[in-house]
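So that the names make sense, note that chain A is the first sequence line, chain B the second, and so on, each numbered from 1. What's counted below: heavy atoms across the whole structure, side chains too, no hydrogens, waters or symmetry copies.
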Amino acid sequence: MNFTEYFYSLVKQIPKGKVSTYGALARALGDIRASRAVGRMLNQNPYAPIVPCHRVVMSDGSLGGFGTGIEKKIKLLKKEGVKVSGNDILDFEKALFTDFMSDFPLKKMRNEQKRLRKSVRLEDGFDDIETVGGVDVAYSHKGFGGLVVYDYKSFDINKRVSVKDEIDMPYIPTYLAFRELPLIEKLLKKYKQGPSVLLIDGNGVLHPYGMGIASHVGVKLDIPTIGVAKKLLCGEQKDDKILPGEYSEVEYEGNLVGYAYRSSPRTKKPIYISPGHMVSFETSLEVIKNFCKYKLPEPIRSAHKLATEARNSA
DNA sequence: GCGACAG
DNA sequence: ATCTTGTCGC
């Protein structure tokens, strides 16, 4: 059973006449960070009302939303014996169910991150860089992955590969790799050779557990990787003001985890560069600098375009 | 309302 | 990430 199906099985545990909350379901999945993903999955619930998404309300006892209109939610709850007044559940404490029976899948994923972290290497695992690839994923109902490989000497495009696959995991902050790794693996399998270095949309060691998607992919597929993110996930940027072409260190819990790099004079917002695996901090910065014609490095821009085109023509 | 957490 | 018209600035 995939993650989303497992989630629906948890929702089915909420008894008739009771309600639960987005946060309680997120905790049952294993991390409160999943609460927004809970909302999204409930919004997509294809099994309503068998999977009783109408029994999920806000943690302050207010009703929250409902896809087919809040009146419908109130009607279903009242029919089940839950008292509703205005926009609130009456006797919320009494009606609240939080005693889920769960395997806490996100805790298992977190443990895997902690285990994989021990294998991350932050030294260059190569002599020369011959090729640099970029990957990105676009979504509709399915996921569409794009990989574009550049020659590092000539900056010519060497190869483009795109794939399509089912996505069974929602986006949950700090668990991105579990959503996108299968597609990235499929891309590299189709490409066969494997670039000298792979650029990935997201972070490397710039992550609360040191295992952002770039590090995760690097360790699992045993390839050098660099993470490039558009927003800061965690940690602090040493200098707030950065001039075009310059950078500032990003620290997390007192350690260097990456750089905020002002890649273009046109944007004030920097990109966040962090080594993933088998690449040093210095090399990470250097490779990205060499590829930044615009805000994002060319391999990622091209991969983004390829993935988006693959989705739009499907 | 603020802060805000990659894609 | 996705939903989406026009608008601003170099």
Can you give the dot-bracket line for DNA chain C, where a pair is Watson-Crick or G-U wobble with both atom distances under 3.5 Å, crossing pairs use [ ], and | marks a partner on another strand? ..........
For A:Ile213, answer base if it contacts any base atom (sugar-phosphate contacts may also be present), sugar-phosphate if it contacts only those atoms, and nothing otherwise; contact means non-hydrogen atoms under 4.0 Å. base
Over all strands shown, is A:Tyr171 touching base, sugar-phosphate only, or nothing at heavy-atom distances under 4.0 angstrom? base
Ion pair check, A:Glu166 and A:Lys142, cut-off under 4.0 Å: yes
Nucleotide B:dG7, atom P - distance to CZ of A:Arg40 in whole Å: 14 Å
In terms of relative ring orientation, are A:Tyr152 and A:Phe291 parallel, tilted or perpendicular, with 30° and 60° separating the classes? tilted
Between A:Asp91 and A:Lys83, is there a salt bridge with N-O shorter than 4.0 Å? no
Measure the distance from OH on A:Tyr272 to C1' on B:dC5 and round it to the nearest whole Å. 13 Å
Give the rounded distance in Å between these two atoms: CD1 of A:Ile172 and P of B:dA6. 13 Å
Are the charged groups of A:Asp31 and A:Arg33 less than 4.0 angstrom apart, N to O? yes
At 4.0 Å (heavy atoms only), tell me whether A:Ser140 reaches a base, stays on the sugar-phosphate, or touches nothing. nothing
Provide, to the nearest angstrom, the distance between the NZ atom belonging to A:Lys230 and the P atom belonging to B:dA4. 20 Å
Between A:Glu80 and A:Arg55 (salt bridge meaning N to carboxylate O under 4.0 Å), is one present in this structure? yes
C:dA1 P sits how many Å from A:Ile300 CD1, rounded? 11 Å
Using a 4.0 Å heavy-atom cut-off across all strands, classify A:Phe178 as base, sugar-phosphate, or nothing. nothing
Polar contact flag, side-chain donor to acceptor under 3.5 angstrom, A:Thr131-A:Asn158: no
Taken to the nearest whole Å, NZ/A:Lys231 to C1'/B:dC5 is 8 Å
Atom pairs under 3.5 Å, N or O on each side, protein against nucleotides 7-10 of chain C: can you list them with distances?
none

Which hydrophobic side chains are connected to A:Leu243, either touching it within the sub-4.5 Å cutoff or through other members that do? none
Before accepting this row, confirm whether a basic side-chain N of the pair A:Asp201/A:Lys230 lies closer than 4.0 Å to the acidic partner's carboxylate O. yes
Is any side-chain N of the basic residue among A:Glu112 and A:Lys220 closer than 4.0 Å to the acidic one's carboxylate O? yes
Spacing of A:Leu176 atom CG relative to B:dA6 atom P, expressed in whole Å: 9 Å
Is A:His304 touching bases, backbone alone, or none of the nucleic acid, heavy atoms closer than 4.0 Å? sugar-phosphate
Provide, to the nearest angstrom, the distance between the CG atom belonging to A:Leu106 and the C1' atom belonging to B:dC5. 14 Å
